[in-house]
2 protein chains.
Amino acid sequence: MREVTIGEAARESGVKVTTIRFYEGRGLLPAPPRSDGGQRLYGADDIARLRFIRHARDLGFDMAALADLLDLAGHPDAPCDNADRLARDRLVDVRRRIDALRALESELERMITACQHDRVARCAVIESLADHAHCGGPHARLD
Amino acid sequence: MREVTIGEAARESGVKVTTIRFYEGRGLLPAPPRSDGGQRLYGADDIARLRFIRHARDLGFDMAALADLLDLAGHPDAPCDNADRLARDRLVDVRRRIDALRALESELERMITACQHDRVARCAVIESLADHAHCGGPHARLD
DNA sequence: GTAACCTCTACAGCGACTGTAGAGGCAAGG
DNA sequence: CCTTGCCTCTACAGTCGCTGTAGAGGTTAC
């Protein structure tokens with residue numbers, strides 16, 4: 001049971017079957033050996049790598065950063081400044097997004113509580129959207 | 001000065017030139033009249049509509065919701081329940097994202113403070129990514 | 001044996017734009 | 001009038017990170 005099919009690798013890693021193949025195409029995962037019938041066979045290290053990838057993706061690392069991280073993970077003797085920097089960059093980004101989302105949250109709350117459930121002509125939701133001045137200034141876009 | 005070119009409409013609305021044309025193609029903005037030379041000419045109402053679109057996009061409404069909102073905005077006598085519901089949906093989504101990002105923030109903070117700036121082999125950043133159990137359970141994906 | 005399910009490749013599609021190429025419009029200075 | 005330089009035009013390809021599809025073949029349970 002050391003070698004598992006792509007479906008089981010998907011179940012164990014939490015990465016979808018199609019996504020695993022996609023990662024292979026992108027070079028994030030090495031092409032595994034195949035069975036006689038041509039099916040991919042994955043070992044424990046492949047699944048660990050998939051979990052690493054999934055966790056990093058969940059944290060918001062993009063695929064370029066992911067490639068860097070995987071490269072670093074494969075060189076245990078290198079200094080870890082790079083990984084540290086990548087994590088710090090992510091932290092800055094995550095905080096920026098949180099701030100932007102909190103501004104949106106309070107604007108949406110205000111819009112909703114002000115809405116009298118009347119006609120559209122008096123709807124605070126519509127009005128707020130039409131008049132940007134109602135909110136606390138231009139908010140950062142999230143993308 | 002009632003009729004302005006696309007470049008000025010972009011400056012006044014904060015929506016890029018290419019994006020304005022893109023919105024026209026998607027039907028979010030009506031095709032404007034043209035000058036003798038074939039250039040688009042926008043009026044004040046177009047710019048207001050662009051600002052409405054931009055504000056709603058900034059708040060995270062997708063283009064389908066945006067089409068609904070624009071439709072509603074054009075029917076002032078309709079009840080505003082729909083707009084209210086759209087805003088409430090957005091609020092739920094925004095809060096979900098904030099929660100997920102806060103979990104990421106604390107995990108990244110932990111990773112960074114635990115990192116000793118040593119070799120990769122001892123780097124908490126890499127280790128955390130390899131071992132999902134370190135964090136407070138599976139976090140929601142943001143997409 | 002056969003039904004049910006899994007996996008294969010190759011490629012198109014998603015959302016919401018962004019970027020490019022190559023051509024033509026337009027206002028100001030000489 | 002001509003040039004310079006920016007603005008705008010159309011049409012279409014590319015971005016990111018997948019997801020979905022079609023049609024074929026492998027594998028497993030009964």
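What you see is a predicted model; the values in this text were computed from it and never measured. Every chain is numbered from 1 and lettered A, B, ... according to where its sequence line falls, protein lines coming before strand lines.
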Nearest-angstrom distance from the residue atom [atom1] of [X] to [atom2] of [N]:
| X | N | atom1 | atom2 | answer |
| --- | --- | --- | --- | --- |
| B:Arg34 | C:dG24 | CZ | C1' | 13 Å |
| B:Glu8 | D:dC6 | CD | P | 18 Å |
| A:Ile20 | C:dT9 | CD1 | C1' | 16 Å |
| B:Asp58 | C:dA16 | CG | P | 13 Å |
| A:Ile6 | D:dT27 | CD1 | P | 14 Å |
| A:Leu66 | D:dG17 | CG | P | 9 Å |
| B:Glu3 | C:dC26 | CD | C1' | 17 Å |
| B:Glu24 | D:dA11 | CD | P | 12 Å |

**Message:** Once you apply a heavy-atom cut-off of 4.0 Å, does B:Asp62 come out as touching a base, just sugar-phosphate, or nothing?
**Reply:** sugar-phosphate
With a 4.0 Å cutoff (strictly under), does any side-chain N or O of [X] reach OP1 or OP2 of [N]?
| X | N | result |
| --- | --- | --- |
| B:Thr5 | D:dC7 | no |
| A:Lys16 | D:dT19 | yes |
| B:Arg11 | D:dC7 | no |
| B:Thr19 | C:dA16 | no |
| A:Arg57 | D:dC18 | yes |
| B:Arg21 | C:dG19 | no |
| A:Tyr23 | D:dC18 | yes |
| A:Thr18 | C:dC8 | no |

Heavy atoms from C-beta onward define the side chain here; which of [options] lies closest to that of [X]?
| X | options | value |
| --- | --- | --- |
| B:Phe22 | D:dG17, D:dT8, C:dC17 | C:dC17 |
| B:Arg40 | D:dC9, C:dT7, D:dG17 | D:dC9 |
| B:Val17 | C:dC17, D:dT8, C:dT9 | D:dT8 |

**Complete:** Rounding to 0.5 Å, atoms CZ (A:Phe61) and CG (A:Asp89) come to a distance of 9.0 Å
Are any non-hydrogen side-chain atoms of [X] and [Y] less than 4.5 angstrom apart?
| X | Y | answer |
| --- | --- | --- |
| A:Leu86 | A:Arg90 | no |
| B:Leu129 | A:Leu59 | yes |
| A:Tyr42 | A:Thr5 | no |
| A:Leu91 | B:Glu109 | yes |

**Fill in**
Note: for A:Gly7 and B:Arg26 on DNA chain C, the residue whose nearest nucleotide lies more 5' is A:Gly7
**Message:** Under 4.0 Å between a side-chain nitrogen and a carboxylate oxygen: does that hold for A:Arg49 and A:Asp45?
**Reply:** no
